[in-house]
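Reckoned from all heavy atoms, side chains included, excluding hydrogens, waters and symmetry mates. In what follows, every chain begins at residue 1, and chains take the letters A, B, ... in the order their sequences are listed.
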Number of protein chains: 2
Amino acid sequence: MRPLEISKREEEYLEAMYILHKNKGVIRVKDIAKMMKVKPPSVVDALKKLAEKGLVEYEKYDRILLTEEGKRIAEETYSKHLLLTRFFTDILGIPPEIAEHDACQFEHYVSKITVERIREFAQFIQEECPYVLKQFLKGKLEEKGKE
Amino acid sequence: MRPLEISKREEEYLEAMYILHKNKGVIRVKDIAKMMKVKPPSVVDALKKLAEKGLVEYEKYDRILLTEEGKRIAEETYSKHLLLTRFFTDILGIPPEIAEHDACQFEHYVSKITVERIREFAQFIQEECPYVLKQFLKGKLEEKGKE
DNA sequence: AAACATTTTTTGGGTAGCCTAATCAGGTGA
DNA sequence: TCACCTGATTAGGCTACCCAAAAAATGTTT
């Protein structure tokens, strides 16, 4: 079995399904469509392709599940998402909505090395010199009310 | 101002043309193709669309130029590119090729706020506590040829 | 169970972006 | 001048991703 190609968009679908499963237990076409900001027919298209690639268990009108491999990819992507979002909010002081938006795109492109380095950097700053961070963030976080 | 929509890919074409113009003075289809890693016909397609949107001056077999608006967009994108690349290399200690790769994607998605905040953060760290940075980067910059 | 409501799927079609192969334009050397 | 070479363009076609409208299945209510 050769290395299957997965597009950025498919990665997003997997991530959406993963989050739905985690939060609601059930994965429905309607909800995927809402999260992905597309219409249901587009979701069905995506599901068929992902099923062919062995990333999703899908039979029409039946329940939708991620396979082990699909789940692995989704988790990997989602963990990048969380890390990037935290970095943007906690280190750079970006408002949550913007941080979310930026992370949501970058997570699909960022290299492993950069992810790891961001993790190390955030940890280093927060543990070794939290006061430096506090000083930088002063006046930045409260633009949205309170800290 | 028309409500023209510009795709990420078109932004990349503009940026490539901007860099070619800056470095070689002339913008040729062949060189754009090489930079964009596509074949010449794809470049011609892109040029036609960009010309329709008023971002490029293009008449077939004639010289290619960015319009003022095209140049403005390209410069804006390119400045994000430079900033992100510098951030990845100088603050996070990412190897140049990886930094380039990551910046090259993120530049098309990153919000203005995040760009500005990254600029401020880099400046803050480098000016106010360069020793902290030095400490973090110790041992990271020389790890070349690893994956 | 029948009627209605909701969800999912199919059908048919559209756009963006890329390609190969063939053709066209312009410069250059015999 | 003409034959050749390179670069640019057109023609035709492909895949990914999206949509609206209609049809099919499922869920719900009475």
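The separation between A:Lys48 atom NZ and D:dC17 atom C1' is 14 Å, rounded to whole Å. When rounded to the nearest whole Å, the span between CD of A:Glu5 and C1' of D:dT15 equals 12 Å. For the pair B:Lys49 NZ and C:dT15 P, the interatomic distance rounds to 10 Å; values are reported in whole Å. Atom C1' of nucleotide D:dG12 and atom CG of B:Asp45 are separated by 12 Å, given to the nearest angstrom. In this structure, CG of B:Asp62 is placed 14 Å from C1' of D:dT9, rounded to the nearest angstrom. Rounded to whole Å, the distance from CZ on B:Arg63 to P on D:dA8 is 15 Å. Nucleotide D:dT15 holds its P atom 13 Å from the NZ atom of A:Lys53, rounded to whole Å. The nearest whole Å value for the distance from the CE atom in B:Met36 to the C1' atom in C:dC18 is 11 Å.
Between C:dG17 and B:Lys39, no contact under 4.0 Å exists linking OP1 or OP2 to a side-chain N or O. For B:Arg28, no side-chain nitrogen or oxygen approaches OP1 or OP2 of D:dT6 to under 4.0 Å. Listed pair A:Ser42 / D:dC17 fails the phosphate criterion, with no side-chain N or O lying under 4.0 Å from OP1 or OP2. The side chain of A:Lys60 contributes no N or O atom lying less than 4.0 Å from OP1 or OP2 of C:dT9. In terms of phosphate contacts, A:Lys37 brings no side-chain nitrogen or oxygen within less than 4.0 Å of OP1 or OP2 of D:dC18. Residue B:Tyr58 has a polar side-chain atom (N or O) positioned under 4.0 Å from OP1 or OP2 of D:dT9. OP1 and OP2 of D:dA16 both lie 4.0 Å or more from every side-chain N or O belonging to A:Lys8. Residue B:Tyr13 places at least one side-chain N or O under 4.0 Å from the OP1 or OP2 atom of C:dC18.
Across D:dA25, C:dC24, C:dG17, the shortest atom-to-atom separation from the side chain of A:Tyr61 is found for D:dA25. Distances from the side chain of A:Pro41 to the nucleotides D:dT9, C:dT9, D:dC18 place C:dT9 closest. Here the side chain of A:Val44 is nearest to one of D:dG7, C:dT9, C:dG17, namely C:dT9.
Applying the side-chain hydrogen bond (donor to acceptor under 3.5 Å, both in side chains) test between B:His81 and each of B:Glu107, B:His108, B:Arg86 identifies B:Glu107 as the sole match.
Checked for salt-bridge contact, A:Glu76 and A:Arg72 meet the test: a charged N lies under 4.0 Å from a carboxylate O.
For A:Val38 and B:Lys30, each mapped to the nucleotide of DNA chain D holding its nearest heavy atom, the one lying further toward the 5' end belongs to B:Lys30.
Between A:Phe121 and B:Phe136, the ring-plane angle classifies as perpendicular under the 30° and 60° cut-offs. Between A:Phe87 and B:Phe87, the ring planes lie tilted relative to each other; the angle falls in the 30° to 60° range.
More than 12 non-hydrogen atoms from other residues, nucleotides or ligands lie less than 6.0 angstrom from NZ of B:Lys8.
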